[in-house]
Each structure stands twice: as structure tokens, then as C-alpha cells.
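Computed from a predicted model, the values in this text were never measured in an experiment.
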Amino acid sequence: MGSKNSKSRDFDHLIEQNSTELTFLSAYGGLASDTADSVGIFAAIKRFLNAGGVEFSETKDKLELDFGYVKIVKNGVKVHIKGRSLPIVASDLTQAGFVDGKLPVRKGSCTVTLQDWDIEQRRFIERLVEHLNLR
């Protein structure tokens, strides 16, 4: 009996170890999903912008900003930002929780759909807001 417990514990340890060591894979982007909590993500972005002092007008499913918009769409929340030399690169729009990202060569705008509200999405919005508020 002692060996069965030992093998079980070793297997659990192996799974735990691998799950913590594979987090770098999120840098390669997530899978498109139709089950994003669009309303929750929209509400989180609204709170985040409000806390940051960003002014916007609001309808049921859209926030209009001086520099773009945030809108609930079928597969997440679409964010469109326009400005000069946005501080992002194309790979920022392909991380886990980001889909349909578009960044023109001159970086005068970007569009991406957020399917998650995690640290990467918060950093993305925060960088853009800081950049645009410094103009």
C-alpha cells in the first residue's frame, strides 16, 4: 500500500510542477473563444478607466472616449484606440486573451478584441491611457 500512495503523490507533484512551468506559453496567444464574459470585461474596463480619471460617454454597450471606443461585441470587448505613435507592437495584440488585433505600420491606431480581463489586458489599457494622457 505504501508504494501506491507514493506513486499517486509523485504524479500529482509532476502535474503541479508542469502547470507552473508552462505559464510562458501564454505569450504565444490564446485561442479565440465564443464564451468570453463580455459584460464583465466591459464593466471592468469601465471601472478601470473611471479610476484612472478618463472621461467617456456611455451607452448600454459602448464607451466613447476622446481617443477611441470600447464596445461589447459577440466574442468579447472590442477596443479601438487612435493616437500618435502608440506605444505597442504587433505582438502585444496576440497575447492570451487578445484576438483580431490590428496595428497599422504607423501606429496611429489599434483595434483588438479582449476576451479576458487579466494583467496583460490591464497593462495594455494602462499603457495606452498613460501615453494618450501625456499628449
Legend entry - Rounded distance (nearest 0.5 Å) linking atom CG of Asn50 with atom CD of Glu55: 10.0 Å

Inset, instruction - Please answer whether the main-chain N or O of Gly97 pairs with a side-chain N or O of Glu120 as donor and acceptor at a distance below 3.5 Å. - result: no

Inset, instruction - Not counting sequence neighbours, list each pair that qualifies as a salt bridge (charged side-chain N to carboxylate O under 4.0 Å, His left out) and has a residue in residues 95-104. - result: none

Inset, instruction - Check whether Val77 and Val39 end up in the same hydrophobic cluster, where Ile, Leu, Val, Met, Phe, Trp and Tyr are linked by side-chain heavy atoms less than 4.5 Å apart. - result: yes

Legend entry - Residues Val70, Lys78; criterion side-chain contact (heavy atoms from CB on, under 4.5 Å); working and verdict: CA-CA 6 Å; Val70 176; Lys78 181 181 260 186; over 6 Å; no

Legend entry - Any donor-acceptor N/O pair, Glu126 side chain to Phe48 backbone, under 3.5 Å: no

Inset, instruction - Check whether any side-chain N or O of His131 sits under 3.5 Å from a backbone N or O of Arg84 as a donor-acceptor pair, and report yes or no. - result: yes

Inset, instruction - Identify whether Tyr69 and Leu128 are in the same connected component of the hydrophobic contact network (ILVMFWY, side-chain heavy atoms under 4.5 Å). - result: no

Inset, instruction - Answer yes if Leu93 and Phe67 sit in the same cluster of Ile, Leu, Val, Met, Phe, Trp and Tyr residues linked by side chain heavy atoms under 4.5 Å apart, and no otherwise. - result: yes

Legend entry - Side-chain touch Val99/Val112, heavy atoms, less than 4.5 angstrom: no

Legend entry - Set of side chain to side chain contact (heavy atoms under 4.5 Å, CB included) partners for Arg47, sequence neighbours left out: Ala43, Ala44

Legend entry - For Thr59, all residues meeting side chain to side chain contact (heavy atoms under 4.5 Å, CB included), sequence neighbours excluded: Asp61, Lys62

Inset, instruction - Return the set of residues passing side chain to side chain contact (heavy atoms under 4.5 Å, CB included) with Asp92 (not counting sequence neighbours), or none when no residue passes. - result: Ile88, Val89, Gln95, Arg127

Inset, instruction - Give a yes or no on whether the backbone of Lys82 and the side-chain of Ser109 come within a donor-acceptor separation of less than 3.5 Å. - result: no

Inset, instruction - Please name all residues satisfying side-chain hydrogen bond (donor to acceptor under 3.5 Å, both in side chains) with Thr111, sequence neighbours left out, ordered by chain then number. - result: His80

Legend entry - Nearest-0.5 Å distance, CD1 of residue Ile41 to CG of residue Asp118: 10.5 Å

Inset, instruction - Under the side chain to side chain contact (heavy atoms under 4.5 Å, CB included) rule, collect the residues that match up with Lys46, sequence neighbours excluded. - result: Phe56, Glu58, Leu63

Inset, instruction - Report the distance from atom CZ of Phe98 to atom CD of Gln121, rounding to the nearest 0.5 Å. - result: 4.5 Å

Inset, instruction - Look up atom CG in Asn75 and atom OG in Ser38, then write down how far apart they are to the nearest 0.5 Å. - result: 7.0 Å

Inset, instruction - Run the numbers on Leu132 and Leu86 for side-chain contact (heavy atoms from CB on, under 4.5 Å), then give the verdict. - result: CA-CA 8 Å; Leu132 294 165; Leu86 295 176; 4.2 Å; yes

Inset, instruction - Apply side-chain contact (heavy atoms from CB on, under 4.5 Å) to Leu49 and Ile125, showing your working. - result: CA-CA 9 Å; Leu49 293 173; Ile125 299 290; 4.0 Å; yes

